[in-house]
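Have a look at the structure below, then the notes.
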Amino acid sequence: MVELPVPHGLDALGFIEREGSLARVPHAFRPVVAAARDRLLTRLHSAYLYGSIPRGTARVGRSDLDLLVALHEEPADAAREAVRALGEALDKEFPQIDGVGTLLYGRARLLSDLERYDLGWFVACLCTPLLGDDLAEYLPRYRPDSLLARETNGDLALLLPRWRDRIAAAADRAEARRPLVRFMSRHLVRTGFTLVIPRWNGWTSDLREMAQVFGAYYPERAAELRRAAEYGYEPVGDPDVLRSYVDDLGPWLAGEYARVHGVKAPRPD
């Protein structure tokens with residue numbers, strides 16, 4: 001029997017508390033954050049940190065810098081290129097980070113009804129304001145309910161064919177497979193966790209704890225998600241891991257998700 005952690009991550013009214021803050025940024029990463037803030041696009045609406053750095057759990061030389069940038073308008077190619085160049089420059093200049101990942105969206109999309117329980121929730125609960133007008137002020141509070149579960153991760157079935165294409169493109173190069181293992185492991189663990197959050201009634205971003213919560217409700221799949229959580233932190237280049245994700249764990253999880261919560265509302269793109 002997998003021990004179920006005590007639910008946490010909610011405020012006194014049962015809403016998900018916003019995680020992360022600039023005060024939690026580890027000292028080693030503060031120059032990186034300062035440089036990102038100073039060099040970000042001048043015509044942005046707002047910018048945010050997310051991930052391990054604002055949560056205070058980043059590891060020097062192992063963690064990446066995760067940014068979300070909101071523009072006044074939908075991003076054009078020039079903005080995407082500027083963000084890509086910024087990420088490359090920061091990654092080259094600061095050895096304490098292992099890459100930069102930047103999400104780029106227009107303000108209207110982030111505040112749209114369609115994205116209210118996906119990108120909107122992500123901004124309001126998982127992003128730490130860095131620059132500009134905080135969009136969380138225009139968004140509702142969120143509970144760990146079935147609607148949130150469906151709209152955040154209810155599209156796994158649509159993603160699996162794309163994952164298979166990415167795996168095929170990696171061919172026999174272990175160095176190309178490791179980032180895929182890391183990305184897909186994290187995605188599957190988070191999907192498994194959101195599958196059960198209405199039952200657990202809490203929130204965490206710790207992959208190991210996510211897997212532990214999931215395993216308490218699905219003990220027959222607990223070991224698989226625990227392994228995926230470890231690969232999310234320490235990825236390997238094993239092709240068998242990727243095959244198991246797209247041939248077994250992924251399809252099972254997509255089917256169970258649709259059965260329990262339904263399918264995510266279609267997006268234009």
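Quantities reported herein were computed from a predicted structural model and do not represent experimental measurements.
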Gap between atom [atom2] of [Y] and atom [atom1] of [X] - 0.5 Å precision:
{"X": "R178", "Y": "R173", "atom1": "CZ", "atom2": "CZ", "result": "11.5 Å"}
{"X": "R227", "Y": "S244", "atom1": "CZ", "atom2": "OG", "result": "8.0 Å"}
{"X": "L119", "Y": "Y105", "atom1": "CG", "atom2": "OH", "result": "4.5 Å"}
{"X": "L156", "Y": "R190", "atom1": "CG", "atom2": "CZ", "result": "13.5 Å"}
{"X": "L225", "Y": "L188", "atom1": "CG", "atom2": "CG", "result": "7.5 Å"}
{"X": "T152", "Y": "D118", "atom1": "OG1", "atom2": "CG", "result": "6.5 Å"}

Fill in the blank from the handout: salt bridge (Lys or Arg N to Asp or Glu O under 4.0 Å) test vs E234 passes for just one of R186, R182, R62, namely R62

Which heavy atom of [X] sits nearest to which heavy atom of [Y], and what is that distance?
{"X": "A58", "Y": "I53", "result": "CB-CG1, 3.7 Å"}
{"X": "C127", "Y": "P129", "result": "O-CD, 3.8 Å"}
{"X": "E74", "Y": "G106", "result": "OE2-CA, 3.3 Å"}
{"X": "E230", "Y": "R208", "result": "OE2-NE, 2.7 Å"}
{"X": "V123", "Y": "A136", "result": "CG1-N, 4.4 Å"}
{"X": "P251", "Y": "L160", "result": "N-CD1, 3.7 Å"}

Has [X] got a side-chain atom pairing as donor or acceptor with [Y]'s backbone, closer than 3.5 angstrom?
{"X": "R267", "Y": "A265", "value": "yes"}
{"X": "D206", "Y": "E209", "value": "yes"}
{"X": "R141", "Y": "G14", "value": "no"}
{"X": "R37", "Y": "L131", "value": "no"}
{"X": "H8", "Y": "T204", "value": "no"}
{"X": "W200", "Y": "P5", "value": "yes"}
{"X": "Y257", "Y": "A149", "value": "yes"}
{"X": "R177", "Y": "I167", "value": "no"}

Practice task
State whether a side-chain donor-acceptor pair under 3.5 Å links S185 with Y233.
Solution key: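 Result is no, nothing qualifies.
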
May I ask you to test the [X]-[Y] pair for a side-chain heavy-atom distance under 4.5 Å?
{"X": "L207", "Y": "F193", "value": "no"}
{"X": "T194", "Y": "H261", "value": "no"}
{"X": "R39", "Y": "L90", "value": "yes"}
{"X": "L10", "Y": "I16", "value": "yes"}
{"X": "L110", "Y": "Y138", "value": "no"}
{"X": "L135", "Y": "L111", "value": "yes"}
{"X": "W203", "Y": "E17", "value": "no"}

Practice task
Output all residues satisfying ring pair (Phe, Tyr, Trp, His ring centres under 6.0 Å) with F15, sequence neighbours left out; order by chain, then residue number.
Solution key: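 So F15 forms no ring pair (Phe, Tyr, Trp, His ring centres under 6.0 Å) with any residue.
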
Problem - CA sep, side-chain torsions, deciding dist, call: W252, Y218, ring pair (Phe, Tyr, Trp, His ring centres under 6.0 Å) - result: CA-CA 12 Å; W252 174 84; Y218 291 92; 5.5 Å; yes

Practice task
Could you go through the salt bridge (charged side-chain N to carboxylate O under 4.0 Å, His left out) check for R84 and E88 one step at a time?
Solution key: CA-CA 6 Å; R84 185 197 63 77; E88 288 185 355; 2.4 Å; yes

Exercise for the section: Could you tell me how the ring of F183 sits relative to the ring of H187: parallel (under 30°), tilted (30 to 60°) or perpendicular (over 60°)? Expected result: tilted

Exercise for the section: With sequence neighbours excluded, give me every ring-ring contact (aromatic ring centres under 6.0 Å, His included) pair touching residues 49-97. Expected result: H45-H72, Y50-F122

Problem - Ion pair D113/R116, N-O distance below 4.0 Å - result: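 So D113 pairs with R116 through a salt bridge.
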
